[in-house]
Amino acid sequence: MTHEAAGVPPTRNDDDRQDDDRPAEPQQPAPEAAASAGDAAPRPEARLARAVQAAEQALIEFEIAVETFRVEVENFSRLHHQKLGPMYARLDELDAQIAEARAARTGDPEDLRKAKEARDIVMPMPGVDELFHDWMDADGLSPEASAMLTEQPVRPPKRVRPSEEARKLYRELARKAHPDLAQDEPERERRDEFITRVNAAYGRGDVELLKELAAEWAAGPAQPLAPLSESEELYARLEWLSRRKELLTVLATELEEGAIGSMLRMAPDDPDQLLEDIGEQLLGEVSRREAELAEMVQ
């Protein structure tokens with residue numbers, strides 16, 4: 001029975017069905033489409049990513065080179081001090097003795113000044129205040145240090161009495177930023193850290209710092225930055241790599257132009273022999289100064 005006899009409208013004729021029975025021929029892309037697919041340029045982000053990767057690899061190699069040279073300079077400096085340090089110390093002592101002998105002979109104020117400078121080089125005390133934090137100064141032990149060593153009463157430290165303005169600022173900040181006002185653990189940690197700084201400033205009576213802390217709290221927590229796009233992240237990475245390379249270049253220049261680095265670059269293949277050569281020269285200088293001193297004290 002045909003579709004017409006069954007009352008069903010035909011959807012395709014017999015020729016269509018015969019065509020469907022034949023295997024479909026593969027479709028060929030249009031010449032223009034094929035050309036455009038083969039010539040499709042990579043995304044700008046892809047090229048930028050390759051540039052970042054290349055810069056990262058170059059920076060790694062540069063860091064390795066700088067760190068290697070830094071270690072070499074450090075090792076050479078240590079060897080230089082161990083082997084040649086006593087010779088330099090002997091030369092300084094001889095210079096001081098020669099200057100003192102000359103000053104004793106002439107009595108000239110300028111010779112006396114030079115003799116004192118030469119002796120100060122032999123017995124330096126640089127930065128003792130920073131090293132001992134008020135326990136020792138150029139005149140010796142401080143009163144507090146002497147008292148502790150002799151088991152005498154130690155003078156109490158100077159007390160700081162915060163001003164009325166400092167107390168007012170402190171009370172306001174403590175009320176606003178107290179950790180017990182936190183609603184969650186991250187907020188409590190932020191408040192704890194902030195109140196620790198407030199307490200330290202109040203303990204020193206630092207009104208200006210308390211004002212800065214008040215302004216900081218009023219401004220609220222730092223807002224998270226908006227997420228960067230892929231391109232922005234890549235550009236930011238390139239900028240960081242560039243800044244890092246600049247810092248390493250400065251470090252490398254300082255190492256190369258320093259006294260030890262300059263010496264090391266004179267004989268990079270045989271630094272031990274360089275130390276031997278310098279040692280021979282120093283021994284010669286010691287002999288000459290000893291002879292000069294012997295003539296002056298006769």
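All values below come from the heavy atoms of this structure, side chains included, with hydrogens, waters and symmetry mates left out.
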Notebook entry, point to check: Can you tell me how far CG of Leu251 sits from CZ of Phe69, rounded to the nearest 0.5 angstrom?
Noted result: 10.0 Å
Check: Is a side-chain donor-acceptor pair under 3.5 Å present for Gln273 with Asp277?
Finding: yes
Checklist line | Residue list, salt bridge (charged side-chain N to carboxylate O under 4.0 Å, His left out) with Arg90, at least two apart or on another chain | finding: Glu290
Item checked: Heavy-atom donor-acceptor pair, Thr249 side chain to Lys245 backbone, under 3.5 Å -> yes
Notebook entry, point to check: Do the charged groups of Arg171 and Glu164 touch, with an N to O distance under 4.0 Å?
Noted result: yes
Margin query: Has Ser262 got a side-chain atom pairing as donor or acceptor with Glu256's backbone, closer than 3.5 angstrom?
Written below: yes
Check: Are side-chain N/O atoms of Gln97 and Glu93 paired as donor and acceptor at under 3.5 Å?
Finding: yes
Next item on the list: State whether the side chain of Arg191 and the backbone N or O of Lys176 hold a donor-acceptor pair below 3.5 Å, judged by distance alone.
Entry: yes
Margin query: Please enumerate all residues that pass salt bridge (charged side-chain N to carboxylate O under 4.0 Å, His left out) together with Arg289, with sequence neighbours excluded.
Written below: Asp95, Glu285
Next item on the list: Take Glu172 and Trp217 through the side-chain contact (heavy atoms from CB on, under 4.5 Å) test and state the conclusion after the steps.
Entry: CA-CA 11 Å; Glu172 291 177 354; Trp217 186 260; over 6 Å; no
Item checked: salt bridge (Lys or Arg N to Asp or Glu O under 4.0 Å) between Lys116 and Asp120, intermediate numbers included -> CA-CA 6 Å; Lys116 183 180 183 306; Asp120 289 342; 3.0 Å; yes
Item checked: Residues, nucleotides or ligands: over 12 heavy atoms within 6.0 Å of Gln53 CD -> no
